[in-house]
Peer 1: 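Got a structure here, written out as structure tokens. Questions coming.
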Amino acid sequence: MDFLFVCPVLLALLLSRGSFADLEKQRVDSGLEIYKKLFEVKRKDQMNALKNLIELNDVNQQYKIIDIMLKGLFKVLEDSRAVLIAADVPPDGPFPQDEKIKDAYSHVVENTAFFGDVVLRFPKIVHHYFDRNSNWNSLIRWGIGFCNLTGVFEQGPHSQVLALMAQELGISEKSPDYRNPFKTDHSEFFPSADTFQKALREEEKRRKKEEKRKEIRKGPRISRSQSEL
């Protein structure tokens, strides 16, 4: 899978949302239920993009893609939060009808969920970038809190992603039985994820060897004139 193909696809996912054009005639109070169906479609697209990222099986490219992706994701999350706060939109209130606010709502919900997917499957890479960025920490804390109140994650296959993400990131205390399911279970991602972990260890060893070589090169050298004495 090529870097130039995967990266634009992932970035496009951060900004896209399902079209409400054919659903505008539905009653206002059914807006959330309509959105949940669109959310399921979006999640399938996200899973396919994530699978492509896993199948790259190239640690260097994965680092580069995730770095670019996280910067885009948190920019979208920050801008969307500003829109929702300015409009005073409560996460547990009626589903918004204004297009701009609807966009911001969907961007928060979908990007928060997608970030959870990425951190659970690539914890080392995400921690490498996330742990040193206090603004991202603040944004995702807000995003998790917002999503927990929307009702979008109450049931279904995505009901655990927020809690697992919060525990993996240290935002909430880990329960005694916590485990990252993608480290031990036999889901469709497991073989590729296992290969990735092996490649990551090999890449870390290579980088350490390279650092040692650089240190040796920086050490004192015997000049040619001295060696001839």
Peer 1: Is there a chain of hydrophobic side chains (I, L, V, M, F, W, Y, each step under 4.5 Å between heavy atoms) that links I85 to L149?
Peer 2: no
Peer 1: Salt bridge between K36 and E33, side-chain N to carboxylate O under 4.0 Å?
Peer 2: yes
Peer 1: Check whether N48 reaches the backbone of K44 with its side chain - one donor and one acceptor, N or O, closer than 3.5 Å.
Peer 2: yes
Peer 1: Is any side-chain heavy atom of I140 less than 4.5 Å from a side-chain heavy atom of L77?
Peer 2: yes
Peer 1: Return the set of residues passing ring-ring contact (aromatic ring centres under 6.0 Å, His included) with F146 (not counting sequence neighbours), or none when no residue passes.
Peer 2: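 Y105, W142.
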Peer 1: Any side-chain heavy atom of Y35 within less than 4.5 Å of one from V109?
Peer 2: yes
Peer 1: Just wondering, do M165 and L162 contact through their side chains at under 4.5 Å, heavy atoms?
Peer 2: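 When only atoms from C-beta onward are counted, M165 and L162 do touch, with a gap below 4.5 Å.
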Peer 1: Using side-chain heavy atoms (C-beta onward) and a distance below 4.5 Å, is D117 in contact with R43?
Peer 2: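 Yes, their side chains come closer than 4.5 Å.
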Peer 1: In the structure I gave you, are the side-chain heavy atoms of N135 and L139 within less than 4.5 Å of one another anywhere?
Peer 2: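 Yes, their side chains come closer than 4.5 Å.
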Peer 1: Can you confirm whether L53 sits close enough to L50 that some side-chain heavy atom of one is under 4.5 Å from a side-chain heavy atom of the other?
Peer 2: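 Yes, side chains in contact.
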Peer 1: Could you give all pairs that pass the side-chain hydrogen bond (donor to acceptor under 3.5 Å, both in side chains) test and reach residues 74-87, with sequence neighbours left out?
Peer 2: K75-D79
Peer 1: Identify the two heavy atoms, one from S175 and one from Q167, that lie closest to each other, and give their separation to 0.1 Å.
Peer 2: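 Minimum heavy-atom contact is N-OE1, 2.8 Å.
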Peer 1: May I ask you to check whether F153 and F39 place their ring centers less than 6.0 Å from one another?
Peer 2: yes
Peer 1: Examine F130 together with F115 and report whether their ring centres are nearer than 6.0 Å.
Peer 2: yes
Peer 1: For H127, enumerate each residue passing the ring-ring contact (aromatic ring centres under 6.0 Å, His included) test, keeping only those at least two apart in sequence or located in another chain.
Peer 2: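 Residues passing ring-ring contact (aromatic ring centres under 6.0 Å, His included) with H127: none at all.
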Peer 1: With rounding to the nearest 0.5 Å, note down the distance linking CD1 in I65 to CG in N52.
Peer 2: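 One finds 9.5 Å between CD1 of I65 and CG of N52.
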